[in-house]
Amino acid sequence: MAVKISSQSMWTWMFQRLSGLFLGFFLVTHLNVHHLFHDITSAGLISFETVRTNLASSGFWKVYYFLFVPFIVFHALNGLWAIIADYRMPGTLSILIKTAFWIFAAALIITGFFTLKNLF
Amino acid sequence: MFYDVIIVGGGLAGLRAAIAAHDAGVKVGLVSKIHPVRSHSGAAQGGVNAALGNHPDGHDDTPERHAYDTIKGSDFLADQDAVELMANMAPEIIIEFEHWGCPFSRYEDGSIAQRPFGGAGFPRTCYGADRTGLYMLHTCYEQVVKRNIDVLYEHFVTRLAVKNGRCTGVIALNLHTGEFEAIAGNAVIFATGGSGRVYSINTTNAHASTGLGIAIPYWAGVALKDMEFIQFHPTGLEGSSILMTEGCRGEGGYLLNNRGERFMKNYVSEKIMELAPRDIVARSIQTEINEGRGFEDSFVHLDLRHLGEQKIKEKLPGIREICLKFKNIDPIKTPIPIHPANHYTMGGIDCDKNGETSLEGFYAAGECACVSVHGANRLGGNSLLDTIVFGTQTGRYVAGKVKGMSQTVDTDALNNGLDAEKERYERLQSSEGKANPYDIRNDLSKVMNEKIGIFRNETDMKAAVDEIKMLKIKFEKLRPIPNTVKFNYDFLWVTEIAGNLDAALAIATGALNRTESRGAHYRIDFNKRLDDEWLKHTLHTYHPSNPEITYKPVTMGKYEPEERKY
Amino acid sequence: MPTFKVFRYDPDKNDPPYFQDYEVPDHKGMTVLEALYYILENLDPTLAFRSSCRMGVCGSCAMHIDGQYGLACETQVAALGNKITIRPLAHMTVIRDMVVDLDPFFAQYEAIKPYLIPKNAPGPREYAQTPRERKKLDILVDCILCASCYGSCPVVGTDEKYLGPHALLKALRFIDDSRDGQTNERLAFVANDSGIFRCHTIFNCQQVCPKDLDPTGAIGKLKMKSLWAKLTGKLKSSG
Amino acid sequence: MSNNKLQETIRDAALNKNIGSFSYWLHRLTGIGLAVYLLMHTFVLSSAISGETAFNERMGAVQNPFFAVLEIFLIAGVFIHMLNGLRITLADFFGWSRMHKSIFWIIAIIFFALMIITILLIWPKLNPANYPVGG
Ligand SMILES: Cc1cc2nc3c(=O)[nH]c(=O)nc-3n(C[C@H](O)[C@H](O)[C@H](O)COP(=O)(O)OP(=O)(O)OC[C@H]3O[C@@H](n4cnc5c(N)ncnc54)[C@H](O)[C@@H]3O)c2cc1C
Ligand code: HEM
Ligand code: SF4
Ligand code: F3S
Ligand code: FES
């Protein structure tokens, strides 16, 4: 007979690490393209146009950035939540903050998606 | 607070007794001045004896052989019925520990591993690396947790409540609150451990192993037995006297003098060498040192180097850790400097194999008790066995006695005891003397080590008795103790020292009176065992100025005294 | 002659905690515990600290010594500087000086059911356990419950429900025991929301452990084991 | 003593001076820093929703030598957090907990190597003369 377990903390823990690994891969590429190997002396400042050209260069980038937004939002907010949750608080307060975090996460993801949509 | 059975002491003996009594269906309260897992049983390293016959060279081992070795080791002073009981119960009780989860080391076939120990005809010492005591103590405590037995830890017992020749409870200082509490019970079992701290400057024992646990019943009129038999362990680490287990030699370690020779060949047969009983090895080492074949006139070497790195790391990791941390040497590369050190109190509260004493309702088990199974010299690995066998036996027996008994609590006795302790506490706080109690303890320890040590003689022992009496007088005029309420450790230690003094006096007078050499009691002025006159137990009865000494016969059995040759 | 700067506190006296200096004559091989005894016996009988075995096996004397948690009885004075600061373990209520209230520590230990719940009914002989199976318990069974790790773990400091490194290490001790039959129940328990997944892999517990045990590694192992048990369907969500 | 948990956290940081605690604090602080940056980043980029001009205006405001210096710190934070995230993940996933100190020193070396490259690449952005006039 299988034993019952409340596994929420397991999944958030797991996903924090998986998203972290994904972000590691992602951020290095992202940094290279937009922060490091973007030479302002030859290519000028980053602008709407440069970004758009970059993203349009392949379908790959679109998938990439659409995945990136939820991942990084989850990772950042779950990370912040982990810090707050260390300071054990009454259950109701904890649920309140958690809900606020979810709403905030949704807002961030939606903003991110609209931003991307306009850049594609 | 009322319990059917109060158990004082959270070492192996106390915990095992608590489990036995609880399982027999009575309400148990376990009282201990330190948390049970801090007890000195946890320091035991080498192992515990049981004739399991698991060792490849030990398949023919039997409880009878175990009993015989124990009796011979005891120099025939042990009570043979008790020894036989212990040897017979040993296998089942060790197996029970294993069933409780004790992580013993193993053989390939999955059975409990055993190693050779001193004075044993077969390798029969079951072990868990060199942390056997730690594993057994934790296993036992785990079972107490499982059974949800009440544990009053950091409750310091200072007095028995006695009325009309019956023990009805104990008075304990709750260190957490600083309040004395009267704990009532139909029976009290003392399992307070050894009294090595009487020899505090050279002992393998913990700070907590003072003589108070035997002094409390002694003061209340219970006799002590065979106190003169003090075991000196051959291998205490030079300086701190921390124990280097007999397992070191059991695994094949050598003892070397400053000429690099295995000197044990000069004292016992080539077959036995380092694995002779402890009294003999300790005397041999001391002789080497006294005759100038030691190092710096104070130690010899315990050499493990030839065992090789792997064996040392696997079988003696704790020893290596201690050497590295306390002496900054690695036994893989360097021999260990060792000298004999006070280790074990063969004597103790006079009781029979059910723990029963002359005081009704009061029982004893473990190192503080003297059943006696160790006689004049205990074999390595028999003491852990003693604690769990007689812990079980006493726990069961006492539970049987108090089951269904109506409460025999005597409020007067408890209140009187409470008042007496409070008064003593206040008296110590307002004392107008000057003496530092710790100086007294140090002086005592010096007297004991120098004059009631491995080699004894009349002049020294007479002087020792006088000096202890002087110290007792000095102890009457102490500087005041602080008036802090919680965890007043100064009060605790001062009380312990009071116990040390009377335990020491019992040891010294007993030793002075016994004009023979037997086991650990070795006199240069009477260097022969004299069975006709001295095959008897010493009984010490408390008297403020001078203990009263009487004797009682040894329970003999199938083994006749013979010359003890190894 | 090193100076010991010792944390002093007596809640009954209404004074805030303070540090008191004591000069202690040292000698070769002297330990911090011996120095504390020197203070108690010769300078200040009001000092309170626990001790028993003085050989690093009973776990009484854990405290914060000169910047590090550890056992006073096995810390050599000579290895420290000339000014040695001594404090009690953190995260527990100080009862007096170095003596802290260990009740929560032991309560969390007891919460993980720290006793063997055997797979098989006992027979007349020992449960067979091969040296290889026994080897898995090496280290895990050496914990002396000294609470050094408990004092050092920042999560313990802020989350009173967190089970703590000691209890989680003990849990693995039983899960890894070939004789124990409650592996899944134990995994489900330590994976609760005050258990292993609250550990941030800070390693303090591992670094301070006087027995050189690895609670961090034990917790890591428990995380992987419970994850695996979940993925293979041995643990079912309770909703 | 004190029930103030924040105080407890600070005390723990002071009482545990070791690699584990140090990297834990680095991880936490960089994590928080990156989360804050993520919010700012989202704010800047979301101007794209209002169109190209708004976007270019906001982007122009954050492209100057001052922000280039901040960028170095941002990238340092990313590398520290990333490498240490890898370190603790390795400890949990592969049982490499005993090696965490060695891994710490390895990632420290990698970090410094990465930072040298980063600074070399960002170098031109630190010079105001390299920016197109009028933006
Ligand atoms: C270093 C060392 C190594 C050893 N190795 C071995 C070995 O390998 N094999 C072997 O067989 N034997 C060994 N022994 C001997 C054996 O360990 C002890 O004899 C045995 O553990 C004693 O157990 P106990 O339960 O009687 O007492 P302890 O374990 O000493 O427990 C005494 C208990 O009594 C309590 N107590 C004492 N006084 C009071 C009081 N006044 N009020 C309240 N509580 C009190 C204490 O708190 C403690 O819990 C060794 C001994 C030492 C010192
Ligand atoms: C670059 C790759 C990244 C990796 C490998 C990574 C990895 C991790 C890991 C493993 C944790 C869990 C630590 C713990 O349990 O305590 C974590 C926590 C965290 N991460 Fe990341 N992360 C990365 C990027 C980011 C980014 C970009 C942000 C911010 C936007 C971020 C914000 C956080 C925060 C706030 C925490 C919580 C810190 C804490 O618990 O102490 N991380 N990260
Ligand atoms: S794991 Fe180590 S530090 Fe923690 S209680 Fe056990 S022995 Fe002490
Ligand atoms: S210090 Fe605490 S957070 Fe985890 S690794 Fe140790 S338990
Ligand atoms: S006194 Fe026992 S561990 Fe230090």
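Just so we're clear, the structure is a prediction, and the values are computed from it rather than from any experiment.
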So which part of C:L33 gets closer than 4.5 Å to some heavy atom of chain B, the side chain, the backbone, both or neither?
side chain
Ranked by heavy-atom pairs below 4.5 Å to chain C, first place among B:N488, B:L237, B:T204 goes to B:T204
What is the minimum heavy-atom distance between C:R96 and B:F487, and which atoms define it?
NH2-O, 3.0 Å
I'd like to know if the side chain of B:N436 and the backbone of C:E41 have a donor-acceptor N/O pair within less than 3.5 Å.
yes
Please confirm whether the backbone N or O of B:P103 pairs with a side-chain atom of C:R134, one donor and one acceptor, at under 3.5 Å?
yes
Which atoms of C:F49 come close to chain B, meaning under 4.5 Å heavy atom to heavy atom: side chain ones, backbone ones, both, or neither?
backbone
Taking the side chain as every heavy atom from C-beta outward, state whether C:V141 and B:Y135 have any pair of such atoms under 4.5 Å apart.
yes
Can you tell me how far the OH atom of B:Y489 sits from the CG atom of C:L36, to the nearest 0.5 Å?
12.0 Å
Identify which part of B:F104 has an atom lying under 4.5 Å from any heavy atom of chain C, answering side chain, backbone, both or neither.
backbone
Shortest non-hydrogen separation from B:Y107 to C:P131 and the atoms involved:
O-CD, 3.3 Å
For the student: nearest non-hydrogen atoms of C:L145 and B:H138, plus distance
CD1-CE1, 3.8 Å
Among B:I322, B:L175, B:I112, which has the most heavy-atom pairs under 4.5 Å with chain C?
B:I112
What option among C:I144, C:L137, C:T31, C:D10 has the most heavy-atom pairs under 4.5 Å with chain B?
C:I144
Looking only at C:E110, C:R50, C:R173, the option with the highest number of non-hydrogen pairs under 4.5 Å against chain B is C:R50
Short N-O contact, C:E126 and B:R106, less than 4.0 angstrom
no
For chain C, the option from B:H207, B:H35, B:R38, B:R479 that forms the most heavy-atom pairs under 4.5 Å
B:R38
C:R179 side chain to B:E98 main-chain N or O, any donor-acceptor pair under 3.5 Å?
yes
What's the verdict on side chain to side chain contact (heavy atoms under 4.5 Å, CB included) for C:D12 and B:K486, showing C-alpha distance, side-chain angles and the deciding distance?
CA-CA 8 Å; C:D12 295 331; B:K486 294 171 181 158; 3.3 Å; yes
Which value, rounded to the nearest 0.5 Å, describes the distance between C:L102 atom CG and B:H176 atom NE2?
8.0 Å
Look at the aromatic rings of C:F106 and B:Y141 and report parallel, tilted or perpendicular, splitting at 30° and 60°.
perpendicular
Residue selection (most heavy-atom pairs with chain C, distance under 4.5 Å) from B:N328, B:N483, B:D490
B:D490
To the nearest 0.5 Å, how far apart are OG in B:S105 and NZ in C:K135?
10.0 Å
Most heavy-atom pairs under 4.5 angstrom with chain C, which of B:N205, B:D109, B:I34?
B:N205
Toward chain B, the part of C:Q76 with a non-hydrogen atom under 4.5 Å
side chain
For the interface with chain B, which of C:A128, C:C53, C:S52, C:A48 has the highest count of heavy-atom pairs at distances below 4.5 Å?
C:S52
Output the option from C:T46, C:I95, C:D142 having the highest count of non-hydrogen pairs under 4.5 Å with chain B.
C:D142
With respect to chain B, which residue among C:R125, C:E34, C:R132 yields the maximal number of heavy-atom pairs within a distance under 4.5 Å?
C:R125
Taking side chain as everything from C-beta outward and backbone as N, CA, C, O, which of these in C:K170 sits under 4.5 Å from a heavy atom of chain B? Side chain, backbone, both or neither.
side chain
Nearest heavy atoms of C:R54 and B:S241, plus distance in Å:
NH2-O, 3.8 Å
Shortest non-hydrogen contact between B:K325 and C:P210, atoms and distance:
NZ-O, 2.7 Å
Return the option, out of B:G110, B:A206, B:A113, with the maximum number of heavy-atom pairs under 4.5 Å with chain C.
B:G110
If I measure from the heavy atoms of chain B, does C:K13 come under 4.5 Å with its side chain, its backbone, both, or neither?
side chain
